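Here the structure is a predicted model, which is why all the values come from computation and not from measurement. All chains are named by letter (A, B, ...) in the order of the sequence lines, taking the proteins before the strands, and each is independently numbered beginning at 1.
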Amino acid sequence: MSIESIIVEAAIKAVKQLYNTEVSDKQIQVQNTKPEFEGDLTIVTFPLLKISKKSPEETAKDLGAAIQELAPEISTFNVVKGFLNLSVSEKYWLNAFTTLNNSLPLANPNSKILMVEYSSPNTNKPLHLGHARNIFLGDSVAEILKAAGNKVIKTQIINDRGIHICKSMIAWMKWGNGETPSSTGEKGDHFVGRYYVLFEQHYKKEQQVLIADGMVEKDAKTKAALFQDASNLLRQWEAGDAKTVELWKTMNSWVYEGFDATYKKFGVGFEKNYYESQTYILGKKIIEEGLAKGVFFKKEDGSVWIDLTADGLDQKLLLRSDGTSVYITQDIGTAVDRYNDYKLDGIVYTVMNEQDYHFKVLFLILKKLGYSFWEGLYHLSYGMVELPSGRMKTREGTVVDADDLIDEMIATSAQSTAEKGKLDELSLEEKNDVIRKIAIGALKYYMVKVDPKRSMLFNPEESIDFNGHTGPFIQYIYVRTRSLLRKTAGENLSWKVQTISAKEKELIKKITEFPATIKEAAKLYSPAILANYCYDLAREYSAFWADHQILKAEEINTKNFRIALSKAVGDTLAQGMNLLGIEMPERM
RNA sequence: GGUUUCGUAGCUCAACUGGAUAGAGCAUCAGGCUUCGAACCUGAGGGUUGGGGGUUCGAAUCCCUUCGGGACCA
């Protein structure tokens, strides 16, 4: 049992004794004591004043005395205004340390089967900075949910059909001369993306010519010959034309090779892929059922709608008058399919917050259709990555490419690693592995430390830092602990100590908060909570390191205790960072 | 126009979801390696939490209003 719950339990009993009133654990507010005050944990007594009918100070004093009586773990207490600061005995902390169990996954009686969807790229463009946030966030949330004791299936839905891929195909047929990624040496997704851009350039010119001839912009868009070609190709694809499907498959396979290379560098993967080419027909049957149930209605032109005005939303189109579906139609179908396939308890959709409305509508429709699983749906809505100039724009060439970004990070990492010169005795392969871990660590940490809900700023002019509140800092602290262990390998490391320093106590306290931090991060779907925890722990250890002797400690028990403490810190950091998708090097 | 979201130090982010004197990093300045790894540590300066009002013992956090940015829906 955690010290916090011990205190809460004692406080509930104390209130009963003192004031003869039953309170729930919600009414006992326990928080960490601010560093400028003496104590470890603090009870805020203001909420209890109505019960005690005494001043805050008196209430706190009474409560403190009673709790000290009830919980032997509490050694002393002091009162500042309405704040009851409780000090926990050294004995308790030492015992907590020797009986520490931070192994993952946590035991979870409410374990669930969850699907986490993230990345979900289009097949006409390479991945960019925005995808990077999505991928790091989704992958990390999936790992955190796993660590919290759930069963998790990682998935992506690949947008492999539609007019966008047809555009790339047209451009390649017209101007490709049969070249392939292997013939040009390009990464497949960049190769196909280049043809998409080529299409857009020519298409734009055609429109300008038409507009110069007096056509309005809206008509020019659809009348342009290239657009007509792409639309025709899409129709052929939908009709299953063999040659078209063949080319489509080939070009998509190039893209997948490229994506896989990037995913591999990112260190992420998926257990299951969904392809829109297979899911886009889903949902229509459900629309029929919904019509029969009267959840949906048909307009005169034959289109199908749902009226959500009573819920504060609008009317939403579900099936066009020509019977073709829209995004939300397939999302309905896909969700139902997934639930049936995996007996899921929930789906987490990692999608940018510009889709907030879409998911609100989607979940509401599923609810109205009577699917009880709608309660397990969660939209992990995250903010945009902005540049100093605002949003990334393809047309203005401000898109930050994911592969370029990694390459830059690796170059920076290689440079600073060379400057430090700590890896000189390693093989080239080992060295590159460390360089990669640091580069990816810096990038991932940079993105994952920010509260997902908030939009964040990325300045391409400034390289991502390796000092301060960063991934490499935490990796470095870990490396220090590993260095100690290397130097004492084979020694008898048993210890027995009676007293500990304030910093040692803080470290033990922090380490014991690890499971609660995981739970909190899982509950709020926020890797940022875990990222900041890791940083705090690393920083505390670094301060400890600066004013404590470890290997040179005056006494063997003290030395071995500090080594054990260092190991626990290192292990905890490694576990936490791994959940963020960040690997720890042994040296750096 | 309607809905929604955000605004915290020069910059990038925190603040245990309503708690104590709003904290870190970067940048700036001053110190600290002949000693376990300095990608580090210790310290200093830097804030009317966009502005105004309200609720509360207590507000960056909740409500109203206003200004400014973003997104979504026509």
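Of the nucleotides present, B/U12 is the one that pairs with B/A24 by Watson-Crick or G-U wobble criteria, both distances under 3.5 Å. Of the nucleotides present, B/A71 is the one that pairs with B/U3 by Watson-Crick or G-U wobble criteria, both distances under 3.5 Å. B/U61 makes up no base pair with any nucleotide shown, lacking Watson-Crick or G-U wobble contacts both under 3.5 Å. The partner of B/A38 cannot be assigned: no Watson-Crick or G-U wobble pair with both contacts below 3.5 Å exists in any strand. Look at B/U17: it lacks any Watson-Crick or wobble partner with both distances under 3.5 angstrom.
Taking 90° from 0 as the syn/anti boundary, the base of B/U17 is oriented syn.
For the C1' atoms, the distance linking B/G23 with B/U61 amounts to 16 Å, nearest Å. For the C1' atom pair drawn from B/U5 and B/G50, the interatomic distance equals 16 Å after rounding to whole Å. Remark: the separation of the P atoms in B/A60 and B/G51 is 11 Å, to the nearest Å. The same atom, C1', is picked in B/A59 and in B/G54; the two are 11 Å apart, to the nearest Å. Between B/A27 and B/G45, the two C1' atoms lie 13 Å apart (nearest whole Å). B/U34 and B/A38: their P atoms are spaced 12 Å apart (whole Å). Comparing B/C13 with B/G18, their C1' atoms sit 22 Å apart, to the nearest whole Å. Rounded to whole Å, the separation between the C1' atoms of B/U12 and B/G46 comes to 15 Å.
If you take CG on A/Leu537 and OG on A/Ser542, they are separated by 11.0 Å, rounding to the nearest 0.5 Å. In this structure, CE on A/Met584 lies 7.0 Å from CD1 on A/Ile474, to the nearest 0.5 angstrom.
Contact annotation for A/Asp451: backbone-only contact, meaning every heavy-atom pair under 4.0 Å involves sugar-phosphate atoms and none involves a base. At a threshold of 4.0 angstrom between heavy atoms, the contacts of A/Tyr357 are confined to the sugar-phosphate backbone, with no base atom among them. In this structure, A/Asp356 reaches neither bases nor backbone, as no heavy-atom distance under 4.0 Å exists between it and the strands shown. Nucleic acid contact for A/Thr470: none, since no nucleic acid atom lies under 4.0 Å from a heavy atom of the residue. Heavy atoms of A/Ile438 sit under 4.0 angstrom from at least one base atom. Nucleic acid contact for A/Leu49: none, since no nucleic acid atom lies under 4.0 Å from a heavy atom of the residue. Using a 4.0 Å heavy-atom distance criterion, A/Ser416 is classed as a base contact. At the heavy-atom level, A/Met456 lies under 4.0 Å from the strands shown only through sugar-phosphate atoms. Residue contacts for A/Tyr446: at a heavy-atom cut-off of 4.0 Å it reaches no nucleic acid atom on any strand shown. Counting non-hydrogen atoms under 4.0 angstrom, A/Asp465 reaches the backbone sugars and phosphates but no base. Across all strands shown, A/Ile550 has heavy atoms under 4.0 Å from base atoms, whether or not it also approaches the sugar-phosphate. Heavy atoms of A/Gln31 sit under 4.0 angstrom from at least one base atom. As judged by a 4.0 angstrom heavy-atom cut-off over every strand, A/Lys420 is placed among the base-contacting residues. Within 4.0 Å of A/Gln29, counting heavy atoms only, lies at least one base atom of the nucleic acid.
Remark on RNA chain B: of its neighbouring residues A/Val450 and A/Glu36, the 5'-side contact belongs to A/Val450, judged by nearest-heavy-atom nucleotide. When each of A/Gln315 and A/Glu386 is assigned the nucleotide of RNA chain B with its nearest heavy atom, A/Glu386 is the one assigned upstream, toward the 5' end.
Remark: aromatic rings of A/Phe97 and A/Phe561 are close, center separation under 6.0 Å. Proximity of the aromatic rings of A/Tyr541 and A/Phe544 is defined here by a centroid distance below 6.0 angstrom, and this criterion is met.
Considering only heavy atoms from C-beta on, A/Ile563 comes within 4.5 Å of A/Leu551 through its side chain. For the pair A/Asn108 and A/Leu106, the minimum side-chain heavy-atom distance is 4.5 Å or more.
When each of A/Trp374, A/Tyr349, A/Tyr327 is tested with A/Phe359 by the rule ring pair (Phe, Tyr, Trp, His ring centres under 6.0 Å), just one qualifies, namely A/Tyr349.
Where RNA chain B meets chain A (any atom under 4.0 Å from a heavy atom), the bounding nucleotides read 5' to 3' are B/G7 to B/C73.
Counting non-hydrogen atoms of other residues, nucleotides and ligands closer than 6.0 Å to CD of A/Glu38 gives a total of 12 or fewer. Within 6.0 Å of the NZ atom in A/Lys431, the count of heavy atoms belonging to other residues, nucleotides or ligands exceeds 12.
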